[in-house]
> 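Below is a structure I'd like to ask you about.
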Amino acid sequence: MTNIDEKHSTLETIISQRKEKIKAIKELGVNPYPYSYNVTHKNKLITENYDEFEGKEVAIAGRLMAIRKMGKASFGNVTDSTGKIQLYISKKDIGEEKYQLFKMFDIGDFIGCKGSVMKTRTGETTIKVFELELLSKNIRPIPIVKEKDGVLHDSFSDKEQRYRKRYLDLILNPEVKETFVKRTKIMSETRKFFDEKGYLEVETPILQPIYGGANARPFETFHNTLGMNLFLRIANELYLKRLIIGGFDKVYEICKNFRNEGMDKSHNPEFTVIEFYEAYVDFNYMMNLVEKYFKTIAKSLDLSVIEYDGNKIDFEKPFERKSMFDLFEKYLKVDISEFGKEELISLCEERKFDYDPKWNYGQIIDKLFGEYVEDNLIQPTFVTDYPKAISPLAKMRRDGNEKIVERFELFIGKQEYANAFSELNDPIDQRERLELQAKLRDEGDKEAQVVDEDFLQAVEYGMPPTSGVGIGLDRVIMLMTGQTSIKDVLFFPQMKKEN
RNA sequence: GUGCCCGUAGCUCAGUUGGUUAGAGCUUCCGCCUUUUAAGCGGAAGGUCGAAGGUUCGAAUCCUUCCGGGCACACCA
């Protein structure tokens, strides 16, 4: 007696029924997990060029996604990496024995078949099968999604399941695949853009003894042989600068950074950025390059105006360039360019803005900017004139202003996409700034930077005038694919453990 | 981290002023069916209602805690 005879359909019994089918298939002398199949054509090629293929013989392979049995003949849908195609399988064409095998197929099996291309009377391109092979037997039922007149029935839509079992999401929701294909396209266009400009792609350590280059809390780990703590990088900036010091004058790295912080629609603990550094140029030069980069990527996807999160973002017009203080004046109706900390505090009180008395001048400016300005930055806008206090790696403004550095951030649709400096290469100033950060750490600012003595020494050996940029690539991908959650552009977003 | 919402069959969902034995479609299994396509027709099976406590004669439904998820806010990129 086999489980097939039992009339249960819990998940467990379905699985054991399918295991019994494997036994029965083996008894027919068929290997349910063969080694290869000679595929001659992809489904999309056939369906899109029917006239050329009519009557011709093809061999295709893919996952069986639907079966419609009608006694001595049946229809099935097979999906390969390019799309689906219909099969017509009749006992007359494939023989009694193969038809018995076919009857043991389930949705989710991989199959290969050879047949001739035809159209059914309803006009659907179909392969009339005369050779049928099982390529891999499924034992765990995949959700069945049906579609009529463009309406999906029983679609696989539970977000938690889609993220946890991304492979099912990819099988069942074809548009998901498109997003990730675009992701790869954006990544390769990004490399192409910098390669063509003479940048050298490099790799720097993910495991770092001292983390730096950004203000964030790190993940910590331990190396057994060295007997020391290591950190997963929060940024690669300080290593890329060492390479500039070492004599490369254009470098970039596409890498994952890791930050032990909050998670939401635009933050995953590991995320992808590109950082690039070029010697002998300043942040104005980089502004032009970044603008060109975004326009190039948009163009490569045939995008000119992007509809994103309810906004229309124009990538053909020149990006706006605004001083932070002009923006404050526009949205706060006050010129705060000459304000000191005390005046900013009075402003906060006047506007009933909840500030922390521990904040320094730069932090107050930063928070005010987030509160009153950021939400207005829909079209691509370079914001300049950041306070020194929140930019410990940026060079002072060349006009002698002692509070402001040469830095820009690019905002699009209220979100930050790029951050860049004319890099600080004065070793004395750099040491003072990192020591100030260390002091802030001692006072309890967990995100303040750490003094990296090796980096400081490297700068002491001499760093050319340089500008560098970091761009959050996951966000670029979100923007260019219309996704508003970072989880939808990461194959495997971080999730909590299930029980 | 805080607030709001959600968790019922393999999938999608009904059922929540507390009241027999928790329903439907798809899926699965059996039978019929040679151009179907959410194939069809007939039959069957499938659930400790996210978990644990509590209130009650009686809980999917009310309460508490916990787990997981979504959204918003806060922080960051």
Side-chain angles (χ1 to χ4, degrees), chain A residues 2-18 20-21 65-77 84 86-93 99 106-108 118-124 126 128 140-165 168 172 214-217 234-235 257-273 275 354 356 366-367 370-371 409-411 415-419 446-447 470-476 478 484-487 493 495-499:
Chain A
T2 69
N3 287 329
I4 287 179
D5 298 329
E6 290 178 18
K7 289 183 178 176
H8 296 290
S9 61
T10 61
L11 179 60
E12 252 174 40
T13 50
I14 291 172
I15 289 173
S16 60
Q17 281 162 3
R18 293 198 182 172
E20 291 300 323
K21 281 185 185 173
M65 292 299 287
I67 303 172
R68 295 179 288 280
K69 285 183 182 156
M70 300 178 306
K72 295 188 185 69
S74 299
F75 289 90
N77 294 340
K84 77 170 187 191
Q86 179 169 260
L87 307 182
Y88 175 76
I89 300 160
S90 82
K91 196 188 271 190
K92 193 182 77 193
D93 295 329
Y99 205 73
D106 291 293
I107 289 167
M118 61 154 197
K119 266 190 180 170
T120 60
R121 65 172 86 138
T122 53
E124 179 154 349
T126 301
K128 194 168 190 286
R140 186 174 291 271
I142 64 176
I144 310 288
V145 178
K146 299 199 172 184
E147 183 239 310
K148 187 183 188 181
D149 303 329
V151 181
L152 288 181
H153 299 264
D154 304 340
S155 65
F156 184 67
S157 57
D158 184 281
K159 282 201 171 174
E160 181 176 356
Q161 292 228 59
R162 289 181 49 211
Y163 297 144
R164 287 190 193 280
K165 299 196 168 184
L168 288 181
L172 299 165
N215 293 39
R217 298 174 68 179
I234 58 171
N257 288 339
F258 305 84
R259 297 190 186 173
N260 208 340
E261 293 177 339
M263 290 168 62
D264 63 21
K265 278 179 89 172
S266 55
H267 297 85
N268 194 65
E270 59 181 285
F271 61 102
T272 304
V273 300
E275 288 212 21
D354 194 17
D356 184 334
D366 196 37
K367 303 286 180 187
E371 176 72 16
E409 292 194 345
L410 172 62
F411 284 85
Q415 283 267 359
E416 185 197 331
Y417 282 80
N419 181 23
K446 289 192 170 75
E447 294 182 351
I471 298 175
L473 288 178
D474 298 308
R475 288 191 179 172
V476 172
M478 287 164 67
T484 53
S485 169
I486 194 170
K487 286 186 163 75
M495 302 286 280
K496 268 200 184 177
K497 229 160 83 179
E498 263 180 312
N499 289 334

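Each chain gets a letter, A, B and so on, in the order its sequence line appears, and its residues count up from 1. Predicted, not measured: the structure shown is a model, and the values here were computed from it.
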> Can you tell me how far P in B/G46 sits from the matching atom in B/G23, rounded to whole Å?
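Per the computed distance, 13 Å lies between those P atoms.
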
> Determine whether a donor-acceptor pair (one donor, one acceptor, N or O, separation below 3.5 Å) exists between the side chain of A/Tyr88 and the base of B/U36.
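A donor-acceptor contact between them is absent.
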
> If you compare every side-chain N and O of A/Lys69 against the phosphate oxygens of B/C29 (OP1, OP2), does one of them come in below 4.0 Å?
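For B/C29, OP1/OP2 do not have a side-chain N/O of A/Lys69 under 4.0 Å.
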
> Heavy atoms from C-beta onward define the side chain here; which of B/U35, B/C29, B/C26 lies closest to that of A/Gln17?
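Of all the options, the side chain of A/Gln17 is nearest to B/C29.
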
> Suppose you measure atom P in B/A44 against the same atom in B/G7; what distance do you get, rounded to whole Å?
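It comes out at 31 Å once rounded to the nearest Å.
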
> Does a side-chain N or O of A/Arg68 approach OP1 or OP2 of B/A39 to a distance below 4.0 Å, or not?
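It does, given that an N or O in the side chain of A/Arg68 lies less than 4.0 Å from OP1 or OP2 of B/A39.
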
> Suppose you measure atom P in B/A51 against the same atom in B/G68; what distance do you get, rounded to whole Å?
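My reading of the P atoms in B/A51 and B/G68 gives 15 Å.
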
> Which is true for A/Lys446 with a 4.0 Å heavy-atom rule: it touches a base, it touches only sugar-phosphate, or it touches nothing?
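No contact at all - A/Lys446 keeps every heavy atom at 4.0 Å or more from the nucleic acid.
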
> When we call it a touch if two heavy atoms are under 4.0 Å apart, what does A/Asn260 touch: a base, just sugar-phosphate, or nothing?
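The answer is nothing, as A/Asn260 stays clear of every strand by at least 4.0 Å.
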
> Taking atom C1' in both B/G25 and B/U21, what distance in whole Å separates the two?
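Between the two C1' atoms, the distance is 22 Å.
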
> May I ask whether A/Phe271 stacks on the base of B/A77, given the cut-offs of 5.5 Å between ring centres and 30° between planes?
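Stack criterion met.
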
> Any N or O donor-acceptor pair under 3.5 Å from the base of B/U36 to the side chain of A/Thr120?
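For A/Thr120, whose side chain was compared with the base of B/U36, there is a donor-acceptor pair (under 3.5 Å).
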
> Could you give the distance separating B/U61 and B/C6 at their P atoms, to the nearest angstrom?
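Taking atom P in both B/C6 and B/U61, they lie 14 Å apart.
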
> Using only heavy-atom distances, decide whether a donor-acceptor pair under 3.5 angstrom links the side-chain of A/Gln86 to the base of B/U36.
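Answer yes: a donor N or O sits under 3.5 Å from an acceptor.
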
> Determine the contact category for A/Arg162: base if any of its heavy atoms lies under 4.0 Å from a base atom, sugar-phosphate if only primed atoms, P, OP1 or OP2 are that close, otherwise nothing.
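No contact.
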
> Quick one: A/His153 NE2 to B/A38 P, roughly how many Å, whole number?
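That distance rounds to 8 Å.
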
> Please list, pair by pair, any protein nitrogen or oxygen found under 3.5 Å from a nitrogen or oxygen in nucleotides 9-11 of chain B.
residue : atom : partner  : partner atom : Å
B/C11   : OP1  : A/Gln161 : NE2          : 2.9
B/C11   : O2'  : A/Asp154 : O            : 3.1

> Please give the distance between the P atoms of B/G70 and B/U28 as a whole number of Å.
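Going atom to atom, P in each nucleotide, I get 30 Å.
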
> On RNA chain B, does the nearest nucleotide to A/Phe75 precede the nearest nucleotide to A/Ile107 from the 5' side, or the other way round? Give the residue.
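Upstream on the strand: A/Ile107.
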
> Is A/Lys496 touching bases, backbone alone, or none of the nucleic acid, heavy atoms closer than 4.0 Å?
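Contact class for A/Lys496: sugar-phosphate only.
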
> N/O contacts under 3.5 Å, protein versus nucleotides 70-73 of chain B?
residue : atom : partner  : partner atom : Å
B/A72   : OP1  : A/Lys265 : NZ           : 3.4

